[in-house]
S.K.: 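Pasting in a structure now, in structure tokens, and then I'll have a few things to ask.
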Amino acid sequence: MTPATPPPLTLYRQMLRIRRCEEALVKAHGRGLIHGACHTYVGQEAVAVGVCAWLRRDDVVFSTHRGHGHALAKGVSCRELVAELFGRATGCSRGRGGSMHLFAPEVGLMGTSGIVGPCVLQAAGAGYSFKLLKSDRVGVAFFGDGAVNNGAFHEGLNMASIWKLPSLFVCENNQYATEVPFRYAAGNPSVASRGAAYAMPGIAVDGNDVFAVGEAAREATRRARSGEGPTLIECQTYRTRPHAEGMGDFTYRTREEVEEWKTRDPIRRWRERLVAEGTAQEAELTRVDAEVQDEVDDAVRFAEASAWPDPATACDHVYSV
Amino acid sequence: MTPATPPPLTLYRQMLRIRRCEEALVKAHGRGLIHGACHTYVGQEAVAVGVCAWLRRDDVVFSTHRGHGHALAKGVSCRELVAELFGRATGCSRGRGGSMHLFAPEVGLMGTSGIVGPCVLQAAGAGYSFKLLKSDRVGVAFFGDGAVNNGAFHEGLNMASIWKLPSLFVCENNQYATEVPFRYAAGNPSVASRGAAYAMPGIAVDGNDVFAVGEAAREATRRARSGEGPTLIECQTYRTRPHAEGMGDFTYRTREEVEEWKTRDPIRRWRERLVAEGTAQEAELTRVDAEVQDEVDDAVRFAEASAWPDPATACDHVYSV
Amino acid sequence: MRQLSFMEATLEALSEEMARDATIFVLGEGIGQRGGNFRTTVGLYDKYGPERLRDTPICERGFVGLACGAAMTGTRPVVDFMFLDFVLDALGEMINQIAKMQYMSSGRLKMPLLLRGCGGVGHAAATHHSTAGYPLFMHFPGFRVVVPSSPADAKGLLKTALRCDDPVLFLEHKSLLSLKGPVPDGEHLVPFGQARVVREGSSVTVVAVGIMVPRTLKAMESLAADGISVELIDPRTLAPLDIDTILASVRKTGRLLIADETFAPCGVGAEIAAQVMEGGFDDLDAPIRRLHGLHAPTPYSPPLEKAVVPDADAVARAIRDLHAE
Amino acid sequence: MRQLSFMEATLEALSEEMARDATIFVLGEGIGQRGGNFRTTVGLYDKYGPERLRDTPICERGFVGLACGAAMTGTRPVVDFMFLDFVLDALGEMINQIAKMQYMSSGRLKMPLLLRGCGGVGHAAATHHSTAGYPLFMHFPGFRVVVPSSPADAKGLLKTALRCDDPVLFLEHKSLLSLKGPVPDGEHLVPFGQARVVREGSSVTVVAVGIMVPRTLKAMESLAADGISVELIDPRTLAPLDIDTILASVRKTGRLLIADETFAPCGVGAEIAAQVMEGGFDDLDAPIRRLHGLHAPTPYSPPLEKAVVPDADAVARAIRDLHAE
Ligand SMILES: Cc1ncc(C[n+]2csc(CCOP(=O)(O)OP(=O)(O)O)c2C)c(N)n1
Ligand SMILES: Cc1ncc(C[n+]2csc(CCOP(=O)(O)OP(=O)(O)O)c2C)c(N)n1
Ligand SMILES: [Mg+2]
Ligand SMILES: [Mg+2]
């Protein structure tokens, strides 16, 4: 069973929720409320939202160090996300994970990760489970361009292809791995074209266009659910903030490049399109803006008021019993 | 400096030396003189000989579990090879390695390996050294089709490509990894076409034609020595004996398939061509046959007469001092 | 009781559990139609088909990582890696991912994943087919580590492993595979964390790991004559480790030797010695001794290979020396 | 003497050695123009260019394996891996290849390869940026393992590592990087296998690894008052391990505590305890004690992270308890 076509306004709300949440986290980071690293998703919102729009709650997502957007798009609440980054017991990982280890299996977020690569293999593994269990669920990996040069990409895509696993491999090509350009790190500048090495469809889409991403995800999930196998989707996008909060920018890329990409802001573009096409009224959109802001403000208050985890629990759950 | 074009008769002698040596090892294995595994190179002789014909003594080779042919073609003597498999102190690895761990750095054989994959990375590493040292030496990896699906292939070829390393990646596609067909294990049945994923030239040649292999190696080594970067060469070939001595055959492939490939025997083909083209006289060839047989018989006698390594040396050379 | 080899015993365990639990599937090279390099899956392909007996490409990191994702999503993968050496390429997936998922998800995810294959020295297999490496799985939190020494334990422990929700490393010594012994049929389960007292004795305690158990039994034949009464303990699982049984024995004998084929530094012997020292210092009448393989990559040639491994004579010598201290 | 931070001291060492030896090159992510995530190569790119300061794709296994091939063919690679966690994907290359090449080639090949980066818990870096893991490099034969605790040692040991023909793991604790201390300039080399007696004392010997040295010094402030005289030893290199200096100290004090931040099972504490028991049993007036981090993946939240790490108070408590035994 395929999810219903997502309402345009919902896509807008979800992208905006990610953006406002990240902005709140940036502020909080400045206030010292976030303890470890904090990699924001600003600029890439259309990818997580466009793909997750075609996922069901029982489909599963494996993500990266830049996973806030995936968590929110898959159904983690702002409260649980912010509380996690604040290290509180109410966080989605109970404070054990922080920015890079978001877990909410109850909504299909199987983990973000501090290690580049494994999510590709794990999404293939989820596909393997679903195939064996004769279910029509799908496993999705979100990963950056940096992961493409890693052996996990090669081994994972090959296994998914030869076993026709119901998996999606979503590469967010934001053109840099930390500060290393993809054009330097990869012999072949196209990610999508690498599908050919595994006899897997590989398609490139404008990652700042939530509709384009959604259309690709719609077809890829259809293929997966109907047993036709995996798909590689390259979403060409850009992060408009530094690699991580507190890090510099503009040593490895120019202000102009960043400014140029800001003009392609996926949220503004979608908003303008909704208005232009008459899909939504300015008023509705403004109401959504306000609601999202309230939701995020509430999440920050909630997180700050939340209790710390009990040190006595530090060794719980190392083993199942 | 490029080596001179190899005399046709030398190619014949080298291929025959490998064949006769393997036949002697098979007999010895039957007599219990070989202790560990023994993977013969029978049927693939044209690859090692065709490639090594264009290598200098100071070029380096990194090989696999099926490395007897590479060792001999790179300059290891039959005596040192046979003695090694017999586990004697006179073996090329002083008896420490056996069939899968042949070392003779003095002739550029940097090791065969019991692990599939690493040779690809090490050949890139040798290329890196030679580039840094401003030398025109090249690093060569020989590996099977089974290694193509391994992350080492992906990571190694990508690095070699982006850094334009003087490395050769020679895949011996004999169509099976132990008993698993490449067409099952790989989404894309062509190895050569994978060069595209790394923007590296990838060429496919008849691996049972020593001249064709040599031409590919000539161009690839020229590219490497002149700073134009690495090349991927897929040699399509076949092993006409079981995966390893003592193992069965014909459960995963048919007798017919094996027989059909025997008709393409690289040694017989080359011999017939030399005669047909008048490059060599039957008499010369017969003399070479006899000389090679003597050489191999001598190697077996030498090995059997050789001393065992001294147990007191078992822990030598774990560290440099 | 009927006699089975190690291979037959573990095949029976796997076959029974696969019949019981339809979510179990096996990943490995040659474990399909071929039935496994060590005959670990003979006959199962015909019963359960290619999806549950999945031949893999040679991508150890890949299929271990795939197994991790599968275990997180409702199935129970068995990684049949042949030799531990091969799967070292997957240690990143094991240490960073598999061992941590339960903890990082606060117990909301389980990790029912079995890693099984061979480790240990023998048959001139040389340095890429001889690694045991279990100490590192003891060092990092999250793993269960099983090293059986008898066919009966192999069956009972493998069945327990296939019902355990933690990642389990099940390591067999290749020289034990064809060893025969009595094996109970049907529902025979050996719990983790319970050592087996193989022989009771009074003068020296020997804790032997895996293949060192039969080697120690052989050594004991020559010792009885000299009136050295050895209590032989097989921990069976190294994580969890049944230290109580070991401490109780040391309380009785006052002397402890740990015999383990693999390397000494930061190894099983060191860990057991440290724990006994912490929990039974006053019971010790002599220093705890360790007998391990020599600290060198495993050489090929028989005389060299023999030299790096502690055999029955070495065990006998070590026991005599300790008894004399 | 001038005061330098750890980072400045190791940068100076690397810079001096790169000037001395044109075959040294560095591989890692962001170690080129950027100068390294931990400023390990700042300024070197401009001096030595891209071939000697090589930014890599994110393929740890790949560039470690490449470094192996380079070290076999006349150059001296330095793998700057940032956090040890990242390079666990390359353990297969390290254990199967890098550690074995000298042995398998009977000494005809050398392996001048440095693996350097951070390990250890702190800054809420969480479970993928906190692994130390050095016990496994002690377990497998072939590696040298260096864990410095002062800027002077960091410089002297790194220079020695860059002249050593064996593969070296050089692991710094991220919380030490900005710690300042006196550092001799120029030709300052600290040999491997020589422990440093940081403080002489008479009642308890503490062997502290890496960051546990400053933590123990802090703990000692509160102990002097109670007349507990601690002899503090920093082994500096764990392989080779200077057991003689430790044994000599235990002969004097009769009491030994090993303080190490990382996991206890099959860890540094176990190995040192076992060796001291073997070589100094009769000198012991009390059981050897181990103080390690808790056996769990490293959690993120500060109160949880603090709970899994032994701090100065924990060291003080452990010393008091041991002194009272
Ligand atoms: C195996 C591994 N190596 C290195 C790192 C350090 N690291 C964290 S993020 C990052 C860059 C990732 O780039 P990309 O995959 O393109 O994702 P992006 O940050 O652009 O979203 C690196 C190298 C890591 N987390 N894991
Ligand atoms: C990493 C690793 N996994 C598994 C093995 C076991 N093994 C030895 S040879 C082999 C098949 C190799 O096939 P291929 O690369 O095609 O070489 P061929 O034997 O055909 O020459 C396998 C799986 C190994 N040696 N290394
Ligand atoms: Mg990126
Ligand atoms: Mg093959």
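The structure presented is a predicted model; accordingly, all values stated were derived computationally and were not measured. Just so we're on the same page: letters track the sequence lines, and every chain starts at 1.
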S.K.: Hey, do the aromatic rings of D:H123 and A:H35 have their centres closer than 6.0 Å?
M.R.: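 No, too far apart.
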S.K.: Ignoring hydrogens, what is the shortest heavy-atom contact between D:A126 and A:G97? Give both atom names and the distance.
M.R.: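 Residues D:A126 and A:G97, closest heavy atoms: CB-O, 3.7 Å.
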S.K.: Roughly how far apart are D:S301 OG and A:L85 CG, rounded to 0.5 Å?
M.R.: 11.0 Å
S.K.: Under a 3.5 Å distance rule, please check whether A:N149 uses its side chain to pair with a backbone N or O of D:I58 as donor and acceptor.
M.R.: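 Answer holds: no.
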S.K.: Quick check for you: to the nearest 0.5 Å, what is the distance between D:Y300 atom OH and A:S99 atom OG?
M.R.: 7.5 Å
S.K.: Do you know which of A:A186, A:S113, A:G117 has the most heavy-atom pairs with chain D at a distance under 4.5 angstrom?
M.R.: A:S113
S.K.: A side-chain contact here means heavy atoms from C-beta on lying under 4.5 Å apart; do D:P302 and A:W308 qualify?
M.R.: yes
S.K.: Using a 6.0 Å cut-off, check whether atom CZ of D:R39 has over 12 heavy atoms from anything other than its own residue.
M.R.: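 Open: at most 12 neighbouring heavy atoms sit under 6.0 Å from CZ of D:R39.
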S.K.: I'd like to know if the side chain of A:Y252 and the backbone of D:R34 have a donor-acceptor N/O pair within less than 3.5 Å.
M.R.: no
S.K.: Could you check which of A:H317, A:R88, A:E84, A:R94 has the highest count of heavy-atom pairs closer than 4.5 Å to chain D?
M.R.: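 The candidate making the most pairs under 4.5 Å is A:E84.
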S.K.: Treating A:Y184 as the side-chain partner and D:P57 as the backbone partner, does any N or O pair qualify as donor plus acceptor under 3.5 Å?
M.R.: no
S.K.: Please give me the minimum heavy-atom distance between D:L304 and A:P311, naming the atom from each residue.
M.R.: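 For D:L304 versus A:P311, the nearest heavy atoms are CD2-CA, 4.1 Å.
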S.K.: Do A:T251 and D:Q33 come within less than 4.5 Å of each other through their side chains, counting heavy atoms only?
M.R.: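 Not touching, per the 4.5 Å side-chain cut-off.
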S.K.: Under a 4.5 Å heavy-atom cut-off, does chain A meet the side chain of D:N37, its backbone, both or neither?
M.R.: neither
S.K.: Quick one: which of A:G95, A:A37, A:G151 has the most heavy-atom pairs under 4.5 Å with chain D, could you say?
M.R.: A:G95
S.K.: Quick check on A:D316 against chain D: is it the side chain, the backbone, both or neither that has a heavy atom closer than 4.5 Å?
M.R.: neither
S.K.: Check whether A:Y319 gets within reach of chain D through its side chain, its backbone, both or neither, counting any heavy atom under 4.5 Å.
M.R.: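 Only the side chain of A:Y319 comes within 4.5 Å of chain D.
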S.K.: State the CD1-CD distance between A:I115 and D:E60, to the nearest 0.5 angstrom.
M.R.: 8.0 Å
S.K.: Can you say whether D:A307 sits under 4.5 Å from chain A via the side chain, the backbone, both, or neither, judging by heavy atoms?
M.R.: side chain
S.K.: Please name the pair of heavy atoms, one in D:G30 and one in A:V180, separated by the smallest distance, quoted to 0.1 Å.
M.R.: N-CG2, 4.5 Å
S.K.: So do D:H129 and A:M100 actually touch side chain to side chain, heavy atoms under 4.5 Å?
M.R.: yes
S.K.: Quick check: are there more than 12 heavy atoms from other residues, nucleotides or ligands sitting under 6.0 Å from NZ of D:K180?
M.R.: yes
S.K.: Out of D:T127, D:V308, D:D89, which one racks up the most heavy-atom pairs below 4.5 Å with chain A?
M.R.: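 Answer, by heavy-atom pair count under 4.5 Å with chain A: D:T127.
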